[in-house]
Amino acid sequence: MSVVSALPFLRPHHMSPSPGRQRRHTLPASEFRSLSPEDAISVFEIEREAFISVSGECPLHLDEVRHFLTLCPELSLGWFEEGRLVAFIIGSLWDQDRLTMDALTLHKPNGNTVHIHVLAVHRTFRQQGKGSILMWRYLQYLRCLPYVRCAVLMCEDFLVPFYQKSGFKVYGPSKITVGPLAFIEMFYHVRGHAFMRRNSGC
């Protein structure tokens with residue numbers, strides 16, 4: 001499905017500004033766009049540093065990052081500053097109300113729930129509110145996709161307040177465990193599709 005209609009929120013990686021708006025010899029100061037497999041190494045480097053030091057596990061390994069950025073790049077969002085990736089979200093489609101182990105590796109093209117696998121911010125740019133801003137833009141973008149009804153994620157206990165501030169609600173303990181790690185499952189109802197399309201150019 002085309003995501004060009006969601007341009008107020010992000011630009012697909014293959015699109016460029018009109019020639020009249022380009023700045024010669026400079027990169028955009030700040031840009032939001034969908035990611036591509038070519039971004040996978042930068043994504044994984046940020047993710048590995050962010051998660052290994054805290055939990056010892058990465059939500060996605062490098063081959064899985066490439067997998068999702070190949071199958072569903074339109075469900076990713078990267079924040080670039082002067083051409084450098086500083087924060088990102090990777091999602092895929094899921095076709096059940098709750099997450100199972102299969103949701104960690106599968107993309108269900110006919111699903112209407114977005115499983116948010118990972119949100120990470122480069123260490124140099126943390127404690128600046130970038131994670132919250134990126135999640136807000138991502139959720140607004142999802143409102144432009146008529147096939148999306150809900151977003152779900154799982155996180156450790158200490159991250160629950162962060163996601164609640166973005167509007168997520170707690171489902172309860174997740175059935176998924178990774179080694180010794182247990183998770184809370186959270187959801188966000190994507191509402192107002194018609195209103196958003198009328199008022200955001202979707």
Side-chain angles (χ1 to χ4, degrees), residues 3 10 12-14 32-81 83-96 98-111 113-126 130-132 134-135 137-139 141-142 148 150-160 162-163 166 168 171 173-188:
V3 296
L10 85 113
H13 71 273
H14 61 276
F32 294 86
R33 65 165 171 84
S34 56
L35 299 168
S36 72
E38 288 73 26
D39 297 308
I41 292 177
S42 296
V43 164
F44 185 66
E45 288 176 350
I46 294 173
E47 180 197 19
R48 181 174 55 187
E49 189 281 328
F51 285 89
I52 291 294
S53 61
V54 176
S55 63
E57 295 282 347
C58 281
L60 296 174
H61 297 293
L62 180 57
D63 59 337
E64 294 167 333
V65 172
R66 289 196 176 107
H67 171 72
F68 287 118
L69 294 185
T70 298
L71 289 180
C72 47
E74 72 279 4
L75 296 176
S76 68
L77 179 58
W79 186 343
F80 294 80
E81 293 198 348
R84 178 187 184 186
L85 181 66
V86 301
F88 68 88
I89 291 173
I90 293 178
S92 65
L93 286 177
W94 185 237
D95 60 359
Q96 299 177 36
R98 301 294 298 266
L99 298 174
T100 68
M101 287 296 293
D102 284 345
L104 302 185
T105 56
L106 296 181
H107 168 61
K108 297 285 191 173
N110 295 321
T113 294
V114 171
H115 172 204
I116 299 175
H117 293 271
V118 57
L119 180 161
V121 179
H122 190 284
R123 63 181 178 274
T124 306
F125 298 89
R126 289 180 200 146
K130 281 185 163 51
S132 296
L134 185 65
M135 179 58 79
R137 292 188 70 114
Y138 187 74
L139 293 174
Y141 167 64
L142 293 185
V148 174
C150 183
V152 297
L153 58 81
M154 60 184 201
C155 65
E156 294 182 74
D157 283 339
F158 72 94
L159 287 171
V160 167
F162 169 81
Y163 289 111
S166 294
F168 283 82
Y171 259 139
S174 175
K175 296 178 182 179
I176 299 171
T177 58
V178 179
L181 299 177
F183 304 96
I184 300 297
E185 195 165 327
M186 305 186 73
F187 69 96
Y188 177 94

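For reference, positions follow the sequence shown, starting with 1.
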- Step-by-step side-chain contact (heavy atoms from CB on, under 4.5 Å) determination, Phe168 to Leu153: CA-CA 9 Å; Phe168 283 82; Leu153 58 81; 3.5 Å; yes
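- Between the His67 side chain and the Thr105 main chain, a donor and an acceptor come within less than 3.5 Å of each other.
- Across Leu93 and Pro109, no two heavy atoms sit closer than the pair CD1-O, 3.5 Å.
- The backbone N or O of Trp94 lies less than 3.5 Å from no partner atom in the side chain of His115, so there is not a single donor-acceptor pair.
- With His122 contributing its side chain and Thr124 its backbone, the two residues share a donor-acceptor pair below 3.5 Å.
- The backbone N or O of Glu74 lies less than 3.5 Å from a partner atom in the side chain of Tyr141, making a donor-acceptor pair.
- The backbone N or O of Leu35 lies less than 3.5 Å from a partner atom in the side chain of Ser76, making a donor-acceptor pair.
- Summarising the geometry of Met101 relative to Thr177, their closest heavy-atom pair is SD-O, 4.3 Å, with the distance given to 0.1 Å.
- At a threshold of 4.5 Å between non-hydrogen side-chain atoms, the residues Tyr188 and Met135 do not count as touching.
- Leu99 and Glu185 get closest at one heavy-atom pair: N-OE2, 3.0 Å.
- Of the possible polar contacts, one joining the Tyr138 side chain to the Leu75 backbone as a donor-acceptor pair under 3.5 Å is found.
- A heavy-atom distance below 4.5 Å is found between the side chains of Leu104 and Met154.
- Between the side chain of Arg48 and the backbone N or O of Cys58 there is no donor-acceptor pair closer than 3.5 Å.
- Minimum heavy-atom separation, Glu156 to Ala182: CG-O, 4.2 Å.
- Across Leu69, Val65, Val118, a single residue satisfies side chain to side chain contact (heavy atoms under 4.5 Å, CB included) together with Phe88, and that is Val118.
- Residues Ser166 and Leu139 share a closest heavy-atom pair of O-CD1, 3.7 Å.
- A donor-acceptor pair under 3.5 Å links the side-chain atoms of Glu47 to the main chain of Leu60, judged by distance alone.
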